[in-house]
Amino acid sequence: MPGVSSPAPAPSPLPASVPGRFAPVPEGTRDVLPAEWARRAHLRSRLSGLLLAWGYQGVELPALEYAAHGHPLDDRAFKLIDSGGQVLALRSEFTTALGRLARAHYPQGPFPLRLQYGGRLWLRAQTSELGRLREFTQVGAELIGVATAQADAELLALAQATLETVGVSALLEVGFPGFVDAVLEDAGVHGEAREALHGAIDRKSGADLDLLARQRGLDAAVTRTLHALTDLYGGPEVLEAAAGMARGTRARAAVAHLREVAAHFGGPLLYDLGVSRRYDYYTGLTFRAYVDGINQPLLGGGRYALEGGLPGAGFAVGLERLVRALPPGVPPEPETVLALDLAAAATAREGGLRAELAWTADEAELRAYCAARGIRRAVRGAGMDSAWEVGA
């Protein structure tokens with residue numbers, strides 16, 4: 001308490017000072033050990049190279065940004081006050097930051113502007129990332145300044161190529177949140193009732209839809225439409241069903257746009273036209289990619305409008321999820337040898353091997369280390385002469 005003059009209690013020793021214990025990390029954060037670090041580095045390199053080959057130039061964004069009530073994740077961001085009294089926030093998503101960068105550095109384009117990024121994000125509370133991480137990593141791409149079906153198809157093709165380049169096969173699932181809103185508008189559902197129904201449709205909860213329909217006094221025909229929206233999931237036949245439900249201009253335009261995107265994309269797509277989440281944020285097509293064994297999307301994105309009305313679209317890949325989805329043996333591990341001198345180390349590295357340098361002449365100590373590390377042999381000289389093999 002302020003004003004109390006008794007000395008503060010001595011701090012307890014860190015758990016690490018007690019044998020058998022370790023210093024904890026904050027909840028929602030984690031250490032990345034060498035094996036996973038290597039997989040993450042491999043992914044970052046492959047993804048960055050692919051995006052660059054598609055014309056997406058790299059940028060880096062500050063981890064600190066000004067807190068703003070209009071930010072989509074303002075209520076979940078870590079915040080701090082700097083020495084000047086400004087309220088800052090740790091970066092919680094990339095799209096807003098990319099929009100600021102585009103307005104500041106490319107106000108006149110040239111458009112379309114293709115950018116790629118990668119880095120850490122932080123959230124005070126997180127339920128959707130693996131292990132409920134509050135610190136996690138994304139790699140992504142943004143296509144800014146155009147809003148055509150060809151641009152949407154490009155992002156779908158790039159998203160698919162992004163996963164394929166690291167050996168992951170996933171089918172893209174396409175949505176259009178504005179379609180649900182348009183159908184509800186055409187059905188005469190407005191205001192608070194429409195807001196509530198968006199959530200129930202997105203959850204595909206028939207019981208909630210029936211309850212809300214009764215509470216709001218909706219007739220049987222509108223209730224059937226609500227249930228039909230939750231069933232709009234599947235292949236190309238979904239577009240036909242959606243076309244049959246589209247009464248107004250907005251709904252018909254959404255179906256027509258999806259058909260044009262599919263024609264430009266040319267490959268198989270899944271459609272979920274009952275998806276309704278964040279319909280007030282996304283202005284058009286959205287998409288996600290799933291793989292077996294992971295109940296959250298590896299990749300997700302969609303079309304939105306930046307501040308000032310500049311059109312944008314993009315997607316992000318969750319690196320932690322992608323590491324879990326990698327096939328066994330990716331990336332391949334080169335052999336590691338123990339080099340007894342610098343000449344052997346240089347030759348080994350030139351030949352594509354990893355080489356660790358011996359730090360002692362004690363062969364027993366070196367053999368024990370190699371056995372623990374899984375290193376099979378020790379070499380010496382520029383000719384990589386075998387000095388000894390573990391177990392020999």
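No more than 12 heavy atoms of other residues, nucleotides or ligands lie within 6.0 Å of OH in Y106, so this atom counts as exposed by the packing criterion. Under a cut-off of 6.0 angstrom, the local environment of CD in E237 is crowded, with over 12 non-hydrogen atoms contributed by other residues, nucleotides or ligands. Counting heavy atoms of neighbouring residues, nucleotides and ligands inside a 6.0 Å radius, atom CD of E192 does not exceed 12 of them. Annotation: D292, atom CG; neighbour count of heavy atoms from other residues, nucleotides and ligands within 6.0 Å does not exceed 12. In R376, the CZ atom is not crowded: 12 or fewer heavy atoms of neighbouring residues, nucleotides or ligands sit closer than 6.0 Å.
When all heavy atoms are compared, the tightest approach of A187 to V222 is O-CG2, 3.8 Å. Taking both residues in full, the closest heavy atoms of L340 and A387 are given as CD1-CB, 3.4 Å, listed atom of the first, atom of the second, then distance.
Using a 4.0 Å cut-off between a side-chain N of Lys or Arg and a carboxylate O of Asp or Glu, E173 and R288 qualify as a salt bridge. Ion pairing between a basic and an acidic side chain is recognised when a charged N comes within 4.0 Å of a carboxylate O; E142 and R114 show no such pairing. Salt bridge status for E36 with R40: present, with a side-chain N to carboxylate O gap under 4.0 Å. Using a 4.0 Å cut-off between charged side-chain N and carboxylate O, R367 and D362 make no salt bridge. With respect to the salt-bridge test (charged N to carboxylate O, under 4.0 angstrom), the residues E356 and R373 qualify. Taking 4.0 Å as the cut-off between side-chain N and carboxylate O, R250 and E185 count as a salt-bridged pair.
The aromatic ring centroids of Y282 and Y304 lie 6.0 Å or more from each other. Taking the six-membered ring where the residue is Trp, the centroids of W122 and F136 are separated by 6.0 Å or more.
Side-chain N/O atoms of E93 and H71 include a donor and acceptor closer than 3.5 Å. Side-chain atoms of S386 and R377 form no donor-acceptor pair, as typed in the model, at a separation below 3.5 Å. Using modelled atom types, one finds a donor on one side chain and an acceptor on the other under 3.5 Å when comparing R120 with T137. Side-chain N/O atoms of D210 and H227 include a donor and acceptor closer than 3.5 Å.
Within the 3.5 Å criterion, the main-chain N or O of G381 finds a donor-acceptor partner in the side chain of D341. Of the possible donor and acceptor atoms, none in the side chain of R259 sits under 3.5 Å from a partner among the backbone N and O of V255. With hydrogens and angles disregarded, a donor-acceptor distance shorter than 3.5 Å links the side chain of T347 to the backbone of A382. Checked by atom type and distance alone, the side chain of R354 never pairs as donor or acceptor with a backbone atom of E335 at under 3.5 Å. A donor-acceptor pair is defined here as one N or O able to donate and one able to accept, closer than 3.5 Å; such a pair exists between the side chain of R91 and the backbone of L61. Put simply, the side chain of D202 never gets that close to the backbone of V275: no donor and acceptor are under 3.5 Å apart. A donor-acceptor contact shorter than 3.5 Å links the side chain of T223 to the backbone of D219. The backbone N or O of A77 lies less than 3.5 Å from a partner atom in the side chain of R124, making a donor-acceptor pair. In this structure a side-chain-to-backbone donor-acceptor pair under 3.5 Å is present from K79 to D74. Within the 3.5 Å criterion, the main-chain N or O of E363 finds no donor-acceptor partner in the side chain of E365.
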* Using the side chain to side chain contact (heavy atoms under 4.5 Å, CB included) rule, take R321 and V291 through it: C-alpha gap first, then chi angles, then the decisive distance, then the call. => CA-CA 10 Å; R321 298 175 185 175; V291 294; over 6 Å; no
* Start with the C-alpha gap between R194 and L197, add the side-chain angles, then the distance that decides, and say whether side chain to side chain contact (heavy atoms under 4.5 Å, CB included) holds. => CA-CA 5 Å; R194 198 150 110 197; L197 288 167; 5.8 Å; no
* Show your reasoning for whether side chain to side chain contact (heavy atoms under 4.5 Å, CB included) applies to L133 and E320. => CA-CA 9 Å; L133 295 177; E320 286 78 9; 3.7 Å; yes
* Walk me through it: do T162 and L47 pass the test side chain to side chain contact (heavy atoms under 4.5 Å, CB included)? => CA-CA 6 Å; T162 294; L47 296 179; 3.3 Å; yes
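Contact check for L338 versus V390: no side-chain heavy atoms found under the 4.5 Å cut-off.
Under the ring pair (Phe, Tyr, Trp, His ring centres under 6.0 Å) criterion, Y56 pairs with no residue, sequence neighbours left out.
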